[in-house]
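As the structure lists them, so they are numbered: ligands from 1, and atoms in each ligand from 1.
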Amino acid sequence: MNPDFIIIGGGIIGLATALRLANEGARVTVVERNRISTESSWAGGGILSPLMPWQYSAAVTDLCNQGAALYPEWIASIQAASGLDAEYWDCGMLVLSPFDTGTAFDWCRQHQWPAKTVAASYYLPDQSDDEALWLPEVAQVRNPRLIKALRGAVLARGVKLQENMPITALSANRQHIEHIDTADGKLQAGNYIVCAGAWSQGLLSNYPPTKTIKPIRGQMLLFKTDPGLLNQIIYRQGTYLIPRKDGHILVGSTIEDVGFDKSTLPETGKMLMNIAFEILPALRSATLVQHWSGLRPGSPDNVPTIARHPDIDNLYINAGHFRYGVTMAPISAKLIYEIILGQAPDLDMSPYQWDSEI
Ligand SMILES: Cc1cc2nc3c(=O)[nH]c(=O)nc-3n(C[C@H](O)[C@H](O)[C@H](O)COP(=O)(O)OP(=O)(O)OC[C@H]3O[C@@H](n4cnc5c(N)ncnc54)[C@H](O)[C@@H]3O)c2cc1C
């Protein structure tokens with residue numbers, strides 16, 4: 001293995017990839033346009049599961065299930081290396097109706113997920129006795145803290161971080177990237193891995209086949225309540241509530257195809273707030289702390305690209321994780337590492353190819 005990598009993008013995918021390579025003895029530099037991490041990986045919710053898992057293709061299920069399974073050990077190693085707590089919490093998720101009980105149970109049985117129906121009022125006293133689906137093994141991580149811990153862990157492993165350094169171009173000679181351009185000059189490495197989230201497609205526009213990765217905005221609200229008010233993730237018809245152990249509760253999110261626009265709209269905030277109040281009326285007396293948005297790296301059917309470029313021997317991509325990049329991070333890092341080594345991953349990689357039709 002050429003031990004020399006530049007990773008473009010310091011979100012969760014770039015940092016997870018850097019950590020994996022550095023753990024195996026590689027020399028790694030992460031180049032980040034801003035600070036680490038101000039984009040989707042900071043803005044997201046940190047649920048370690050698809051929201052209605054039975055609605056996704058095998059390509060998404062495989063990455064999410066394998067990613068979630070790696071989490072406890074992955075988090076423990078990041079926390080040990082960084083000394084920081086990422087607040088992993090196996091708090092479970094309650095899905096409120098409507099949902100198709102038969103389809104949900106078939107899927108859970110097939111994937112060996114524990115699941116049972118309960119009255120919604122069992123966990124949410126203000127709700128009716130309508131049937132809800134309890135998924136006890138769904139976990140969460142406090143993603144902004146995970147990013148901080150990951151930053152600490154990669155530094156502890158000797159990764160070089162170059163923040164506030166936008167990459168403006170990748171320069172190739174025949175089928176080989178020779179260097180990348182930054183405002184401060186050229187940077188060179190043996191291999192280049194694009195982990196630039198929603199910005200990946202723009203960076204790779206000169207290197208066909210072009211990927212379809214585009215920004216999809218999600219707006220979020222953050223409330224502060226007393227710790228213990230809510231102890232499970234709640235999902236209802238596109239909206240979720242995520243409790244943190246210190247009493248913060250996140251409410252999300254929207255799916256908006258509006259380009260690279262991170263504005264927040266008061267009417268959208270109000271809409272999310274009203275749904276949240278219906279689900280958990282006690283939130284009405286809570287403090288609204290923040291309203292923000294993030295740009296997910298949207299890809300067709302939520303399927304990321306984790307691959308070597310078909311023609312350029314030292315160019316890789318690990319991007320396009322759309323709604324589930326936090327969940328998929330550890331497995332995506334493992335897979336790209338195996339691809340770099342020329343090992344055959346223990347997973348059908350055809351959906352994640354650079355030139356895949358998906
Ligand atoms: C509202 C919301 C809720 C979400 N909830 C969840 C959830 O509950 N569970 C889950 O699993 N996922 C969730 N996600 C999705 C998840 O956050 C993303 O899939 C994941 O963060 C993508 O990580 P990334 O590293 O690819 O992208 P990013 O975090 O966006 O990182 C890409 C980085 O590349 C940098 N970059 C871009 N261009 C350049 C350049 N030219 N030069 C140098 N650096 C560059 C950017 O500055 C950025 O830091 C959510 C996302 C949002 C927005």
Nearest non-hydrogen protein atom, atom 14 (N) of ligand 1: R323 O, 3.4 Å

Keeping the roles fixed (side chain from Q140, backbone from I47), state whether a donor-acceptor pair exists under 3.5 Å. no

Answer side chain, backbone, both or neither: which part of V31 comes under 4.0 Å from ligand 1, heavy atoms only. backbone

When you check the gap from the basic side-chain N to the acidic O, do E178 and K186 get nearer than 4.0 Å? no

How far is atom 15 (C) of ligand 1 from the closest protein heavy atom, and which atom is that? F322 O, 3.2 Å

Proximity of C195 to ligand 1 by residue part, where a heavy atom lies under 4.0 Å: backbone

So if I count the atoms of ligand 1 from 1 in the order they appear, which ones are less than 4.0 Å from some heavy atom of I13? 23 (O), 24 (P), 25 (O), 26 (O)

Looking at ligand 1, does G46 have a heavy atom less than 4.0 Å from it? yes

Note the single closest protein heavy atom to atom 5 (N) of ligand 1, along with its residue, its atom name and the distance in Å. G45 N, 3.0 Å

Y324 neighbourhood, listing ligand 1 atoms whose heavy-atom distance to it stays under 4.0 Å: 10 (C), 11 (O), 12 (N)

Interfacing atoms of ligand 1 (cut-off 4.0 Å, heavy-atom, G294): 53 (C)

Is there any N or O on T327 that sits under 3.5 Å from an N or O of ligand 1? yes

Any donor-acceptor N/O pair, S121 side chain to L124 backbone, under 3.5 Å: no

Atom 39 (C) of ligand 1 - nearest protein heavy atom and its distance: R33 CD, 3.7 Å

Ligand 1 atoms in contact with G44 (distance to a heavy atom under 4.0 Å): 2 (C), 3 (C), 4 (C), 5 (N), 50 (C), 51 (C), 52 (C)

If we only count N/O pairs under 3.5 Å, is G218 in contact with ligand 1? no

Side chain, backbone, both or neither: Y240 near ligand 1, heavy atoms under 4.0 Å: side chain

CZ of R217 to CG of D257, rounded to nearest 0.5 Å, is 10.5 Å

Starting from the C-alpha separation in whole Å, work towards a yes-or-no answer on side chain to side chain donor-acceptor pair (under 3.5 Å) for E131 and S97. CA-CA 7 Å; E131 189 175 71; S97 64; over 6 Å; no

Please indicate whether any nitrogen or oxygen in L203 is less than 3.5 Å from any nitrogen or oxygen in ligand 1. no

Run down the list T38, N34, V326, I47 and name the one with the heavy atom closest to atom 9 (N) of ligand 1. I47

I'd like to check which ligand 1 atoms, numbered from 1 as shown, lie under 4.0 Å from a non-hydrogen atom of W199. 30 (O), 37 (C), 38 (N)

Return the option from G11, G14, S41, G325 holding the heavy atom at the smallest distance from atom 23 (O) of ligand 1. S41

Which residue pairs pass the salt bridge (charged side-chain N to carboxylate O under 4.0 Å, His left out) test when at least one of the two sits in residues 70-97, sequence neighbours left out? E87-R142, E87-R145

Among all protein heavy atoms, pick out the one at the shortest distance from atom 33 (C) of ligand 1; state its residue, atom name and that distance to 0.1 Å. E32 OE1, 3.6 Å

Please identify which atoms of ligand 1 are closer than 4.0 Å to at least one heavy atom of P166. 42 (N)

Quick one: which of I167, I7, V141 has a heavy atom closest to atom 40 (C) of ligand 1? I167

Donor-acceptor pair, side chain of Q201 and main chain of K211, under 3.5 angstrom: yes

With a cutoff of under 4.5 Å between side-chain heavy atoms, which Ile, Leu, Val, Met, Phe, Trp and Tyr residues group with I216? I255, F322

For ligand 1, is A319 a contact, meaning one of its heavy atoms is under 4.0 Å away? no

Name the option, out of M165, Q140, R217, R296, that contains the heavy atom nearest to atom 51 (C) of ligand 1. R296

Is there a heavy atom in W42 that sits closer than 4.0 Å to ligand 1? no

Pairwise distance CD1(I193) to CD1(I13) - rounded to 0.5 angstrom: 12.0 Å

Please confirm whether Y235 and F99 have ring centers closer than 6.0 angstrom. no

Under 3.5 Å donor-acceptor, Y123 side chain and L230 backbone: no

Provide, to 0.1 Å, the distance between atom 18 (C) of ligand 1 and the closest protein heavy atom, together with that atom's residue and name. S40 OG, 3.4 Å

So if I apply the side chain to side chain contact (heavy atoms under 4.5 Å, CB included) rule between I275 and each of T239, V251, L280, L241, which one comes out positive? T239

Cationic tip of R33 above W199 ring, under 6.0 Å, 45° of axis: yes

Please verify the inter-ring angle class for W42 with W292; under 30° counts as parallel, over 60° as perpendicular, anything in between as tilted. tilted

CZ of F260: more than 12 outside heavy atoms within 6.0 angstrom? yes

Please report which non-hydrogen protein atom sits nearest to atom 34 (O) of ligand 1, along with the residue it belongs to and the distance in Å to one decimal place. G9 CA, 3.3 Å

Report the nearest protein non-hydrogen atom to atom 22 (C) of ligand 1: residue, atom name, distance rounded to 0.1 Å. P297 CG, 3.7 Å

Are the side chain of K214 and the backbone N or O of R296 linked by a donor-acceptor pair below 3.5 Å? no

For S253, take its heavy atoms, then give the atoms of ligand 1 lying under 4.0 Å from any of them. 1 (C)

Looking at E39, which atoms of ligand 1 are within less than 4.0 Å of one of its heavy atoms? 30 (O), 46 (C), 47 (O), 48 (C), 49 (O)

Would A198 count as a contact of ligand 1 if the rule is a heavy atom under 4.0 Å away? no

For E163, is there an ion pair with R151 - N to carboxylate O distance below 4.0 angstrom? yes

